[in-house]
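Everything numeric in this text was worked out from a predicted model, so none of it was measured. Just follow the structure's listing: the first ligand is 1, and inside any ligand the first atom is 1. We use all heavy atoms of the structure for the numbers below, so side chains are in, but hydrogens, waters and symmetry mates are not.
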Amino acid sequence: MLFSKNSKPLGGNPSLYTYSASGFNYTYAGASGYIHEVELTNLTPDTRYYFICGGPGNYSAERSFRTAPNSTSEFKFVAGGDSRSDPASRTLVSQAMSHFNPSFVMHSGDMVENGWSQSQWDSWFSDVNDNWIGDNGLTIPIIPCLGNHEKNATNYYEQFALPENEQWYYLDWGPNLRIIVLNSEARDQIATDQADWLNTTLSSTPENTWKIVIFHRNVYYSGYHYNDTDIIDNWVPIFDQYHVDIVIQGHTHHYHRTKPMYNNSIASSYQEGTMYLTSGGWGVPTHDYTPQLYSDYGNETHHFVLINVFTNGTLHLEATDINGYVFDHVWLNKS
Ligand SMILES: [Fe+2]
């Protein structure tokens with residue numbers, strides 16, 4: 001792989017790139033070919049890089065990415081999930097969200113119908129390859145989590161290169177956002193390994209950092225599926241203790257935003273309680289929404305959620321349909 005930090009494209013001529021990095025390749029049963037994995041280190045924060053992949057005589061077309069900031073700065077990202085089953089609708093959501101130039105996508109799982117089906121993964125990655133490019137030309141990276149439809153398949157682990165054990169991990173996007181990914185499908189580790197790890201990870205999160213947790217299954221019922229009592233018993237008290245700002249889930253195929261929740265009750269504001277956001281509308285046939293006492297808003301349309309983080313300690317969340325229409329929005333205030 002060849003790459004350069006540059007203000008303009010370099011056009012794919014290998015002689016023009018400043019840096020090179022190499023990795024390794026591997027394959028697995030059912031794979032369509034070889035997976036190539038290259039780790040880039042010592043990158044400059046908040047900087048655009050252009051790159052080509054391959055080797056002498058056979059390089060890809062040029063793409064570009066932007067590194068995360070290391071100081072307080074304004075940025076935006078997208079959250080959503082359940083992109084299986086209906087490729088045409090999935091593409092419409094992908095195209096709609098890319099116009100907003102998000103720094104990354106947090107995907108709440110069920111990317112494909114059957115995690116063991118390589119042809120479904122190939123179709124899904126094709127959509128990502130074609131459409132997860134911002135109007136600014138930047139490739140939009142993914143922060144994924146496992147859904148039940150991934151079936152804990154080898155294909156997931158082999159096609160993503162993720163931190164820690166790849167099932168639960170965290171990363172910081174600059175000093176003001178900690179993203180925590182959990183695996184709601186590892187049922188026998190919800191009360192044990194994951195709860196312990198969650199406690200440790202949240203207890204080390206600096207003050208005044210937005211804390212956003214993502215996993216697949218719904219904590220609170222909104223018309224389909226059920227309250228997840230394992231998660232309510234084992235994770236919700238930890239979310240309360242450290243005041244997680246937003247818990248993002250998928251699994252149920254609509255949009256649902258709860259009122260602020262603390263100790264399984266409605267709190268007076270989002271500074272007192274946590275927002276539980278279900279966003280499962282990235283192209284699946286949708287489920288009926290049935291409001292509950294703790295529901296603040298719901299909608300059954302295909303959608304994604306755009307989250308803007310500002311430098312003054314505020315955050316603005318917009319639920320957006322495939323036409324760019326914002327059907328729900330809310331401000332959160334950290335200070
Ligand atoms: Fe699901």
Chemist: Checking one value in my table: which N/O/S atom of His251 lies closest to the Fe ion (ligand 1)?
Modeler: ND1
Chemist: Strictly under 6.0 Å, is that where the ring centroids of His287 and His225 end up?
Modeler: yes
Chemist: Would you kindly say whether Arg48 and Ser64 are connected by a side-chain donor-acceptor distance under 3.5 Å?
Modeler: yes
Chemist: Using the six-membered ring wherever Trp is involved, compare the ring planes of Trp132 and His107 and label them parallel, tilted or perpendicular (cut-offs 30° and 60°).
Modeler: parallel
Chemist: Does the pair Asp296/Lys259 count as a salt bridge with the N-to-O cut at 4.0 Å?
Modeler: no
Chemist: To the nearest 10 degrees, could you say what angle the Fe ion (ligand 1) makes with OD2 of Asp110 and NE2 of His216?
Modeler: 90°
Chemist: Has Thr252 got an N, O or S atom lying less than 2.8 Å from the Fe ion (ligand 1)?
Modeler: no
